[in-house]
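This report concerns only the one structure given below.
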Amino acid sequence: WSDPAVGQVLNTTGPYSVLVGSGFLAFTTQQKANRGGTVAGTTFCILSAKDGTLYDSKDVGSDGVNEEVDDCTINTSGCRQIKNALQSDPVATGPSAFVTRSYIGDLDGNLWRFDIGLNAQRKPVINTKTKLYLAGSDQPIFNSMATVNVGGTHQYAFFGTGSDLRPETDKDTVYHLLAVLDSGATGSKTFDRPLKKIGDAALTADERVTAFPALAGDIVFFTTTTIGPVCNAPNANLYAFTFTGGSAYDSKYVAGEALDHL
């Protein structure tokens, strides 16, 4: 499920490594006898790019909600909360061309940072695991995120919650486009764009994230799909923001929409 990030850890003496989340595994599959009861899907791993050797890993755990349910559509709460997993793609970053940290989101709505270094044998290790931000247990992070460093000290992560491939949720579940500033021990939200939701009987509008965001300079782009009633064609949407959530261009209007929504 999780597409890997690949890079050389720390400096020129570090090995090229593969960073990946362990992906989603249904509870009934997880409970098969050959697994010995091991919980699946919530582990972040660093592997050797040369031969696949596992260098290090960290488990992010779960919120304990619906962790033993395979099909979220049969829950009394529907698909608002699901079994946790690191299904999204990690982002690797660091000084110059080297990897010293990685960001990844989970299906419990958490944004994680892993600080990566080398041990005495020059093998990659995860020095710290930090939960930077909780978007909410009904705000799963399926897609990868984008990151940008501003001024050498301010690291921003941009991501959306929910997915246009996910089953329909209840009428009150609204997904979001978010930016989080990594301040070290924690993260702070710098912008939050709720997606459109008209949860009437016909579910007139249900806007969801389409893919991971993209960065161009200091502008971040998001794509979403607004799904309407059955037999109505969906609408594709493109958003553009500055890294602090401001209008990416100017304040003119096009067809009644602000230019942060093209």
Side-chain angles (χ1 to χ4, degrees), residues 1-23 43-58 60 86-106 110-133 141 143-160 177-191 211-223 240-246 248:
W1 291 92
S2 179
D3 288 344
V6 181
Q8 191 172 17
V9 172
L10 191 61
N11 54 39
T12 56
T13 68
Y16 282 90
S17 302
V18 177
L19 289 65
V20 69
S22 54
T43 305
F44 175 78
C45 301
I46 304 179
L47 312 171
S48 165
K50 182 178 181 180
D51 59 18
T53 298
L54 177 65
Y55 286 133
D56 202 1
S57 65
K58 291 287 185 183
V60 301
L86 292 174
Q87 181 173 318
S88 66
D89 310 332
V91 173
T93 186
S96 301
F98 303 109
V99 177
T100 57
R101 62 178 53 179
S102 181
Y103 297 89
I104 192 170
D106 69 22
N110 301 301
L111 170 61
W112 298 91
R113 187 193 72 227
F114 298 91
D115 295 297
I116 301 166
L118 298 174
N119 62 16
Q121 291 74 45
R122 313 305 294 171
K123 293 183 178 179
V125 291
I126 301 170
N127 292 319
T128 57
K129 174 187 71 175
T130 304
K131 184 191 293 188
L132 288 178
Y133 184 75
I141 304 170
N143 293 303
S144 182
M145 58 193 66
T147 62
V148 65
N149 188 282
V150 179
T153 57
H154 295 85
Q155 188 80 34
Y156 291 84
F158 307 97
F159 60 96
L177 308 179
L178 294 159
V180 172
L181 174 60
D182 179 358
S183 58
T186 186
S188 57
K189 182 172 63 177
T190 59
F191 77 71
F212 57 87
L215 277 168
D218 65 348
I219 298 175
V220 58
F221 296 90
F222 291 89
T223 57
F241 301 102
T242 65
F243 60 86
T244 56

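- One N or O on the side chain of S48 and one on the backbone of K50 form a donor-acceptor pair closer than 3.5 Å.
- Interatomic distance, CG of D106 versus CZ of F44, reported as 13.0 Å (0.5 Å rounding).
- When only modelled atom types and interatomic distance are considered, S144 and D89 share no side-chain donor-acceptor pair under 3.5 Å.
- For the pairing with L111, the side chain to side chain contact (heavy atoms under 4.5 Å, CB included) check across L132, T130, L178 returns one residue only, L132.
- The nearest pair of heavy atoms linking T12 to Q8 is O-NE2, 3.1 Å.
- Using a distance-only test at 3.5 Å, with no hydrogens or angles considered, a donor-acceptor pair links the side chain of S2 to the main chain of S88.
- Ring pair F191/F241 is tilted by interplanar angle, where 30° to 60° counts as tilted.
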- Kindly determine whether V60 and F114 satisfy side chain to side chain contact (heavy atoms under 4.5 Å, CB included), including the steps that lead there. CA-CA 11 Å; V60 301; F114 298 91; 3.9 Å; yes
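- How far CG of L19 is from CG of D56: 10.5 Å, rounded to the nearest 0.5 Å.
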- Worked check of side chain to side chain contact (heavy atoms under 4.5 Å, CB included) between T53 and L47: CA-CA 5 Å; T53 298; L47 312 171; over 6 Å; no
- Please report the C-alpha distance between I126 and I46 in whole Å, then the side-chain angles of each, then the deciding distance to 0.1 Å, and finally whether the side chain to side chain contact (heavy atoms under 4.5 Å, CB included) criterion is met. CA-CA 8 Å; I126 301 170; I46 304 179; 3.6 Å; yes
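- To the nearest 0.5 Å, atoms NZ (K123) and CG (L118) are separated by 11.5 Å.
- Atom CZ of F212 has 12 or fewer neighbouring heavy atoms from other residues, nucleotides or ligands inside a 6.0 Å radius.
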- Steps toward side chain to side chain contact (heavy atoms under 4.5 Å, CB included) verdict (R122, N11): CA-CA 10 Å; R122 313 305 294 171; N11 54 39; 3.7 Å; yes
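- Residue T242 comes nearest to V220 through the heavy atom pair O-CG1, 4.2 Å, listed as atom of the first residue, atom of the second, then distance.
- In this structure, NZ on K129 lies 10.5 Å from OG on S57, to the nearest 0.5 angstrom.
- Between D115 and R113 there is a salt bridge, since a side-chain N of the basic residue sits under 4.0 Å from a carboxylate O of the acidic one.
- When atom types are taken as modelled, the side chain of S102 and the backbone of V91 share a donor-acceptor pair closer than 3.5 angstrom.
- With contacts defined as side-chain heavy-atom distances shorter than 4.5 Å, the pair L215/F243 does not qualify.
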